[in-house]
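Below: the structure, in structure tokens.
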Amino acid sequence: MKRDEPHLTRRKALAGAGAVGFATIGMGRGRSTASPDEYTNYTYAESDAPSRLLVGWRSTYNDERVAASPTDSVDGADGIRLIDLRNVLPGDTGSASVGLRLDDPGEAVPEGARVWMRIAVDGDDGRAAASRALAERIEVDVRYDTGVLGIGRCAGADDEFVDFGEPIYAGTMAGLAADGDLAAGVELDPGLFDNGCLAPGERRCLTLVWRFPADGGNAGQGGALDFDVTFHAVSCDRTGNPFAADAAGVSG
């Protein structure tokens, strides 16, 4: 007979916090289609702000929901693997939907935070030539999930309004890997608010859609690519890139 676990594991606690929080959060600036099972994975990002940043995400492959993250890690400070391309074929497609919100630290008036994102694309060194060819062929679109005038906001990459969000990047995976700004880190600000600060009770969402074009022969087959994102929250009065500060060993 299986013993009942006497305490919540970190993964269960994150899943519970994410499911409840994302489902019940107010959406005063736009209609939401949030539901308790909206995301299949949750973690906390690295944060220098008073409130913790909760990250929820889900992925699809050829229109089927991927049940779990490609990586078993729940440490958002080390990055989140949104896409893991292995054995993909021409004609394959996939997506990832990400939601960010501040987790109330229990204070009467939780503070807002600025949110930064860094993207890393890595190939399989053991299949370097095929991975480079795959990166040249995979088309990827990364954008804010803002919907239209708030309608469809944070509804995910499979929503009908996904193409109306403000683009962050559109091109090949190889081009994304070479994008110096995204590799160094960019502040997430969809342009809807004056100061770009993520407020308590607000969500900020992203979508990523990729496709392996059917034309182009077999180039890239057998290659492997990883798409990782790292989020970092800082206080609203801090404007510098926290990833640059981390690399330099500077805090605050």
Side-chain angles (χ1 to χ4, degrees), residues 9-25 27 30-45 53-76 78-101 117 119-122 134 138-148 151-165 168-170 173 176 203-214 223-231:
T9 64
R10 174 176 168 82
R11 179 178 295 276
K12 288 182 178 179
L14 284 168
V20 173
F22 277 108
T24 61
I25 194 166
M27 294 296 296
R31 179 174 62 86
S32 171
T33 55
S35 63
D37 60 349
E38 182 177 10
Y39 299 113
T40 55
N41 303 276
Y42 298 92
T43 191
Y44 286 113
L53 181 67
L54 181 64
V55 184
W57 73 99
R58 67 176 184 266
S59 301
T60 67
Y61 177 64
N62 287 340
D63 297 323
E64 295 292 332
R65 181 73 62 88
V66 177
S69 171
T71 176
D72 192 48
S73 172
V74 295
D75 187 358
D78 295 330
I80 298 167
R81 181 151 300 165
L82 289 182
I83 303 295
D84 189 359
L85 299 180
R86 297 287 189 278
N87 302 315
V88 292
L89 301 173
D92 285 352
T93 62
S95 70
S97 305
V98 180
L100 309 166
R101 74 162 176 85
M117 175 183 71
I119 295 178
V121 178
D122 296 312
L134 182 62
I138 294 289
E139 298 174 355
V140 60
D141 182 283
V142 184
R143 62 182 63 222
Y144 293 105
D145 190 4
T146 54
V148 179
I151 299 175
R153 181 171 178 260
C154 289
D158 48 359
D159 187 74
E160 60 183 318
F161 295 108
V162 63
D163 293 332
F164 290 91
I168 297 175
Y169 175 85
M173 195 72 86
L176 180 59
R203 279 203 298 172
R204 193 156 294 174
C205 301
L206 306 169
T207 61
L208 180 149
V209 177
W210 64 267
R211 61 185 295 267
F212 192 172
L225 295 171
D226 300 326
F227 181 101
D228 296 342
V229 297
T230 305
F231 297 101

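Nothing here was measured: the structure is a model prediction, and the numbers come from that model.
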- Donor-acceptor side-chain pairing of T207 and S97 below 3.5 angstrom: no
Mind checking the [atom1]-[atom2] spacing from [X] to [Y]? Nearest 0.5 Å is all I need.
X    : Y    : atom1 : atom2 : answer
M117 : I80  : CE    : CD1   : 11.0 Å
L53  : L100 : CG    : CG    : 5.5 Å
D92  : Y61  : CG    : OH    : 3.5 Å
W210 : F227 : CH2   : CZ    : 12.5 Å
C154 : L206 : SG    : CG    : 8.5 Å
E139 : T93  : CD    : OG1   : 11.5 Å

When you compare the side chain of [Y] with that of [X], does any pair of heavy atoms fall below 4.5 Å?
X    : Y    : answer
V98  : L82  : yes
Y169 : V140 : yes
I119 : L176 : yes
L85  : F212 : no
E160 : V148 : no

Looking at [Y], is its backbone amide N or carbonyl O close enough to the side chain of [X] to form a donor-acceptor pair, meaning the two atoms are under 3.5 Å apart?
X    : Y    : answer
D228 : V121 : no
R143 : D163 : yes
D84  : D226 : no

- Message: Under the criterion side chain to side chain contact (heavy atoms under 4.5 Å, CB included), I'd like the reasoning laid out for V88 against L134: C-alpha separation, chi angles, the key distance, then a yes or no.
- Response: CA-CA 9 Å; V88 292; L134 182 62; 3.9 Å; yes
- Evaluate whether atom CG of N62 has more than 12 neighbouring non-hydrogen atoms of other residues, nucleotides or ligands under 6.0 angstrom away. yes
Return the minimal non-hydrogen interatomic distance between [X] and [Y], and the atom names on each side.
X    : Y   : answer
P213 : P90 : O-CB, 3.6 Å
A157 : S95 : CB-CB, 3.6 Å
F231 : A45 : O-CB, 3.4 Å

- Check ion pair D122-R81 (N to O, under 4.0 angstrom): no
- Task: List the steps, then state whether side chain to side chain contact (heavy atoms under 4.5 Å, CB included) holds for R58 with V66.
- Result: CA-CA 7 Å; R58 67 176 184 266; V66 177; over 6 Å; no
